[in-house]
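Below you'll find the structure I mean.
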Amino acid sequence: MRSLIDIPDFSVAELDELIACANDIIRNPDAYRDACRGKKLATMFFEPSTRTRLSFEAAMLELGGSVIGFSDPETSSAAKGESVADTARVVSCYADIIAMRHPREGAPYVASQSATIPVINAGDGGHAHPTQTLGDLLTIHREKGRLDHLTVGFCGDLKYGRTVHSLIAALSRYEGIKIVLISPEELKLPDYVKLDVLEKCSMPYTETASLEEAMPGLDILYMTRIQRERFTDPEEYERLKDSYILTQKKMELAKADMSVMHPLPRVNEISVKVDSDPRACYFRQAKNGKFMRMALILKLLEEAKINPEREKPEGELLVNEIQCRNPRCISACEQELDHVFKVTDQAGGVCRCLYCESKEMIQERKN
């Protein structure tokens with residue numbers, strides 16, 4: 001049995017397979033109307049959502065299935081102190097597949113290790129948002145006709161933007177991709193994404209604080225919201241919230257066929273006047289997310305039928321020998337949860353938290 005916690009869980013061939021399935025659903029919707037009849041999706045949303053939750057629900061309903069769940073943790077037993085692991089195990093008794101969003105990084109992984117049904121990460125803190133990425137890949141493929149040899153600019157909150165982290169990880173597996181990182185110094189892409197993805201794959205990238213300078217060379221501009229909910233300092237948010245605003249005037253600097261994407265919700269980082277520009281594809285992007293979630297639900301349910309055994313983490317693990325120092329990690333609050341690290345570089349002494357991927361040095365556990 002497989003779950004989807006992060007994009008690297010799927011091979012390039014599997015990503016291409018999902019895109020092909022989603023395109024077939026778009027072309028032949030009637031052929032899928034009863035594909036999930038008798039199946040139930042449980043939506044466990046511990047954090048606000050519009051597009052992701054509703055697109056999951058629409059996806060399951062359009063496949064002929066049904067939906068149960070909650071969109072407010074205060075209406076669940078989490079408000080009474082129930083752990084993520086226990087909630088997932090209980091929900092497994094009532095549904096066939098789970099879509100889970102949680103503010104704690106690594107929470108969907110913890111759920112997947114207790115659930116007896118597949119778990120889909122619908123966003124965990126600032127860590128990852130793989131189903132958004134699936135919709136992004138389908139959008140790029142439909143807008144550009146390919147997923148290779150493109151220059152992609154990411155603008156705004158690259159530090160906490162889980163959609164950015166997941167999409168960069170996905171694009172790193174295709175040939176000829178160049179990345180342009182556009183952000184203020186305080187919201188730069190985390191070092192672990194640069195080291196583990198961009199530099200590990202020898203993926204060319206540049207960093208700049210100027211959107212205007214970057215735009216002429218871009219095939220895709222991926223705008224992001226400065227996320228108030230990720231900041232612990234309200235003053236820092238107020239100082240950074242208007243760092244980048246895409247206007248019609250700035251669009252004049254771009255290629256005639258550049259595509260503008262955004263995971264939404266939008267606050268003010270894209271002027272509403274840009275919406276009428278044919279290069280603006282963020283609402284098409286939102287719709288594409290539904291089709292990719294339909295394809296994903298079909299894939300995971302089929303694989304669970306073939307192999308009901310839960311997948312186990314691979315590689316060398318350190319258990320309870322070191323603690324994660326990320327305050328947003330699920331290991332900081334989940335009841336009796338082992339502190340588990342993956343050894344990613346034995347020679348360099350590097351290990352990463354299994355839940356949130358925060359970096360620690362192996363030598364430190366010996367001190």
Side-chain angles (χ1 to χ4, degrees), residues 2-5 7 10 15 17-73 75-76 91 94-102 108 111 115 117-124 128-143 162-163 166-167 225 261-266 275 280-304:
R2 295 179 72 184
S3 293
L4 175 61
I5 305 303
I7 279 292
F10 283 172
L15 295 177
E17 171 194 330
L18 285 169
I19 290 171
C21 180
N23 277 318
D24 192 54
I25 291 170
I26 293 170
R27 291 190 298 267
N28 306 295
D30 290 343
Y32 295 87
R33 298 252 182 248
D34 295 318
C36 286
R37 182 165 299 279
K39 299 294 184 181
K40 293 188 288 293
L41 165 72
T43 52
M44 295 167 51
F45 276 64
F46 295 83
E47 197 175 43
S49 171
T50 300
R51 276 149 301 279
T52 303
R53 182 174 61 84
L54 293 181
S55 66
F56 264 114
E57 293 181 0
M60 193 58 165
L61 293 172
E62 290 185 25
L63 290 170
S66 55
V67 180
I68 61 174
F70 56 85
S71 58
D72 180 356
T75 64
S76 76
V91 171
Y94 312 133
D96 300 284
I97 188 167
I98 291 170
M100 178 182 180
R101 169 168 289 187
H102 202 284
I117 57 177
V119 174
I120 300 172
N121 181 2
D124 61 334
H129 195 351
T131 62
Q132 174 69 49
T133 299
L134 293 178
D136 293 346
L137 291 175
L138 177 61
T139 300
I140 295 171
H141 190 272
R142 291 182 67 80
E143 297 291 324
R162 58 194 173 197
T163 59
S166 290
L167 184 53
R225 171 176 63 95
M261 299 174 64
H262 192 303
L264 302 177
R266 163 179 61 183
D275 296 354
C281 60
Y282 27 89
F283 294 114
R284 297 193 292 274
Q285 180 184 352
K287 190 172 185 179
N288 287 334
K290 179 189 69 174
F291 298 121
M292 281 300 271
R293 290 178 176 104
M294 292 172 75
L296 176 63
I297 289 169
L298 290 172
K299 178 179 178 61
L300 292 181
L301 286 175
E302 181 61 28
E303 293 200 11

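One-based numbering along the sequence shown.
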Notebook entry, point to check: If you take all heavy atoms of N121 and P108, which pair is closest and at what distance?
Noted result: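 Heavy-atom minimum between the residues: OD1-CG, 3.3 Å.
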Notebook entry, point to check: Should L18 and L138 be marked as a side chain to side chain contact (heavy atoms under 4.5 Å, CB included) after you check the CA-CA gap, both sets of side-chain angles, and the distance that decides it?
Noted result: CA-CA 9 Å; L18 285 169; L138 177 61; over 6 Å; no
Notebook entry, point to check: Quick one: does P265's side chain get under 4.5 Å of R51's, heavy atoms only?
Noted result: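 Yes; the side chains approach each other to less than 4.5 Å.
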Next item on the list: Report the distance from atom CZ of F283 to atom OG1 of T139, rounding to the nearest 0.5 Å.
Entry: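 With rounding to 0.5 Å, CZ (F283) is 13.0 Å from OG1 (T139).
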Check: Only one of D136, I19, N288 forms a side-chain contact (heavy atoms from CB on, under 4.5 Å) with H141, so which one is it?
Finding: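 Output: one option passes, namely I19.
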Next item on the list: Taking R2 for its side chain and P118 for its backbone only, find out whether a donor-acceptor pair lies under 3.5 Å.
Entry: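 Checking the backbone N and O of P118 against the side chain of R2, no donor-acceptor pair under 3.5 Å is found.
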Next item on the list: Mind listing the closest non-hydrogen atom pair of I7 and P130 along with its distance?
Entry: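 The answer is CD1-O, 3.6 Å.
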Next item on the list: State, with a plain yes or no, whether a side-chain heavy atom of R284 is found less than 4.5 Å away from one of R142.
Entry: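 No, their side chains stay 4.5 Å or more apart.
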Next item on the list: Over all heavy atoms of both residues, which pair between S55 and R293 is shortest? Give the atoms and the distance, please.
Entry: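 That would be OG-NH1, 2.9 Å.
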Notebook entry, point to check: Between F56 and I120, what is the shortest heavy-atom contact and its length?
Noted result: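 Looking at all heavy atoms of both residues, the shortest contact is CZ-CG2, 3.6 Å.
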Item checked: Heavy-atom pair of closest approach, residues A99 and L41 ->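 Closest heavy-atom pair between A99 and L41: N-CD1, 3.9 Å.
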Next item on the list: Determine whether more than 12 heavy atoms belonging to other residues, nucleotides or ligands lie under 6.0 Å from atom NZ of K39.
Entry: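 Check fails, neighbour count at 12 or below.
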Margin query: I'd like to know if the side chain of S166 and the backbone of T163 have a donor-acceptor N/O pair within less than 3.5 Å.
Written below: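 Such a contact is absent between S166 side chain and T163 backbone.
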Next item on the list: Indicate whether any N or O donor in one side chain lies under 3.5 Å from an N or O acceptor in the other, for H262 and R225.
Entry: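 Result is no, nothing qualifies.
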Next item on the list: I would like to know whether S66 and M60 meet side chain to side chain contact (heavy atoms under 4.5 Å, CB included); could you show each step before the answer?
Entry: CA-CA 6 Å; S66 55; M60 193 58 165; over 6 Å; no
Margin query: I want to check something: taking the side chain as every heavy atom from C-beta on, are D24 and Y32 in contact at a cut-off of under 4.5 Å?
Written below: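 With C-beta onward as the side chain, the pair touches.
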Note to self: Less than 4.5 Å apart, side chain to side chain, heavy atoms only: is that true for K290 and E62?
What the structure shows: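 The answer is yes; the side chains approach within 4.5 Å.
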Checklist line | Exercise: identify the closest heavy-atom pair between A22 and F291 | finding: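 Looking at all heavy atoms of both residues, the closest pair is CB-O, 3.8 Å.
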Check: Checking D124 side chain against H102 main chain: does a donor-acceptor pair fall under 3.5 Å?
Finding: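 Not at all, since once roles are kept as given, no pair shorter than 3.5 Å links the two residues.
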Check: How many angstroms lie between atom NE2 of H129 and atom OG of S49, to the nearest 0.5 angstrom?
Finding: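 Here the rounded value is 6.5 Å.
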Next item on the list: May I have the step-by-step check of side chain to side chain contact (heavy atoms under 4.5 Å, CB included) for M292 and T131, ending in yes or no?
Entry: CA-CA 8 Å; M292 281 300 271; T131 62; over 6 Å; no
Checklist line | Separation between CD1 of I98 and CG of L300, rounded to the nearest 0.5 Å | finding: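 Rounded to the nearest 0.5 Å, the CD1-CG separation comes to 12.0 Å.
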Check: To the nearest 0.5 Å, what is the distance between CD1 (I97) and NZ (K40)?
Finding: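 Between atom CD1 of I97 and atom NZ of K40 there are 13.0 Å.
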Item checked: Polar side-chain atom of S71 near backbone of F45 as donor-acceptor pair, under 3.5 Å ->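 Looks like no, no N/O pair under 3.5 Å.
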Checklist line | Residues forming a salt bridge (charged side-chain N to carboxylate O under 4.0 Å, His left out) with R53, sequence neighbours excluded | finding: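 By the salt bridge (charged side-chain N to carboxylate O under 4.0 Å, His left out) rule, R53 matches E57.
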Next item on the list: May I have the step-by-step check of side chain to side chain contact (heavy atoms under 4.5 Å, CB included) for I117 and L301, ending in yes or no?
Entry: CA-CA 9 Å; I117 57 177; L301 286 175; over 6 Å; no
Item checked: Spacing of E143 atom CD and M261 atom CE [to the nearest 0.5 Å] ->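 Going from the CD atom of E143 to the CE atom of M261 covers 8.0 Å.
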Next item on the list: Measure the spacing between CG of L296 and CZ of F10 and express it to the nearest 0.5 Å.
Entry: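 One finds 5.5 Å between CG of L296 and CZ of F10.
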